[in-house]
Amino acid sequence: MEVVVKESYEEMSKLSAELIAEVIRRKPRAVLGLATGSTPLGTYKELIRLHKQEGLDFSRVITFNLDEYVGLVHGHPQSYHYFMSENLFKHINVNPKNVHVPDGTAKDIPGFCRWYEEQIVKTGGLDLQLLGIGSNGHIAFNEPGSSLGSRTRIKTLDDKTRQDNARFFKNMNEVPKYAITMGIGTIMDARQLILLANGAGKADAILKTCEGPITAIVPATIVQLHPKATIIIDKQAATKLTREYPAEPRVLVLA
Ligand code: F6R
């Protein structure tokens, strides 16, 4: 695991986009795991710029999103389907057939989750998984206490996560209670991980993730066990770290 501390959100986003772009340049049919939330927005903006100005080609790229709220239709402005379309997919040349976002409206959720896992395996597995982190240390919607070996499934959202996400809804009652999420085992099977965090609100979770013991109570700590994980954070998210970390990764491409 490598921790890289950047001066700003913009620099964090540029580096993460560059790492993703390098994976696509090396393997045009790359299988990418993607995240939603505020954190990756700058990365997506930079990927869109690389596509439009430097011809980064997504035509063969395959994507799998981490999670989706249960019960929100795809066109709902807070659904992750809508988020991904607005913030990335409609601006790049990804083939809609290659895009996968969990279906929060599935009638048979366990069956859907099995299908989702099978599709990841069928495409050859995730080459790179992009992650944000919750202020409670969750990754995807694997809340504190989640099994570190879990697979894609339905999860009840933590009160803290619902409060954090309430800013996107009219009121707390509208915040969904359940989500479909890739499991921690699913995430750990990806060949490379990038975990992003910015802002002081993530400083505690980042301290535990980078320097704390591995525990299901802070699911993100599992990335310490991944052989190719890069944690890219801004200065604010780094304020509680006790050790010095570089501003550049050792190698740009983790071969
Ligand atoms: C989203 C996801 C979540 C977020 C996390 C941080 O797909 O998997 O784990 O990454 O909740 O959210 P933001 O980036 O909004 O702080």
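In listed order, ligands and their atoms are each counted from 1.
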Novice: What about the rings of F141 and Y69, do their centers lie closer together than 6.0 Å?
Specialist: yes

Novice: Quick one: do K45 and E10 make a salt bridge, cutoff under 4.0 Å?
Specialist: no

Novice: Using a 4.0 Å cutoff against the non-hydrogen atoms of L66, which atoms of ligand 1 qualify?
Specialist: 8 (O)

Novice: Which residue holds the protein heavy atom closest to atom 1 (C) of ligand 1, what is that atom called, and what is the gap in Å?
Specialist: T36 OG1, 3.1 Å

Novice: Please confirm whether R167 approaches ligand 1 to less than 4.0 Å, judged on its heavy atoms.
Specialist: yes

Novice: Can you tell me how the ring of F64 sits relative to the ring of H100, calling it parallel under 30°, perpendicular over 60° and tilted otherwise?
Specialist: parallel

Novice: If hydrophobic clusters are built from ILVMFWY residues whose side chains come within less than 4.5 Å, do V218 and L131 share one?
Specialist: no

Novice: Is it the case that ligand 1 has an N or O less than 3.5 angstrom from some N or O of I139?
Specialist: no

Novice: Please determine whether a side-chain nitrogen of the Lys or Arg among K235 and E7 lies less than 4.0 Å from a carboxylate oxygen of the Asp or Glu.
Specialist: yes

Novice: Nearest protein heavy atom to atom 16 (O) of ligand 1, by residue and atom, and its distance?
Specialist: K202 NZ, 2.6 Å

Novice: Quick test of your reading of the model: are E143 and K160 salt-bridged, counting only N-O distances below 4.0 Å?
Specialist: no

Novice: In the protein, what heavy atom is nearest to atom 10 (O) of ligand 1, and what distance, to one decimal place, separates them?
Specialist: G132 CA, 3.3 Å

Novice: What part of I133, side chain from CB on, backbone N/CA/C/O, both or neither, has a heavy atom under 4.0 Å from ligand 1?
Specialist: backbone

Novice: Mind listing the closest non-hydrogen atom pair of L148 and I184 along with its distance?
Specialist: O-CG2, 3.3 Å

Novice: Around atom 3 (C) of ligand 1, find the nearest protein heavy atom and jot down its residue, atom name and distance.
Specialist: A140 O, 3.7 Å

Novice: I'd like to check Y44 versus H91 (side-chain heavy atoms, cut-off strictly below 4.5 Å). Are they in contact?
Specialist: no

Novice: Would you mind checking which non-hydrogen protein atom is closest to atom 7 (O) of ligand 1, with the distance to 0.1 Å?
Specialist: D67 OD1, 2.7 Å

Novice: Identify the protein heavy atom lying closest to atom 15 (O) of ligand 1, giving its residue, its atom name and the separation to 0.1 Å.
Specialist: S38 N, 2.9 Å

Novice: Tell me which protein heavy atom sits closest to atom 14 (O) of ligand 1, plus the residue, atom name and distance to 0.1 Å.
Specialist: T39 OG1, 2.4 Å

Novice: How far is atom 11 (O) of ligand 1 from its nearest protein heavy atom, and which residue and atom is that?
Specialist: H138 NE2, 2.7 Å

Novice: Looking at N136 and P144, what are the two nearest heavy atoms and their distance?
Specialist: ND2-CD, 3.4 Å

Novice: Output the list of atoms in ligand 1 that are nearer than 4.0 Å to some heavy atom of G37, sorted by atom number.
Specialist: 14 (O), 15 (O)

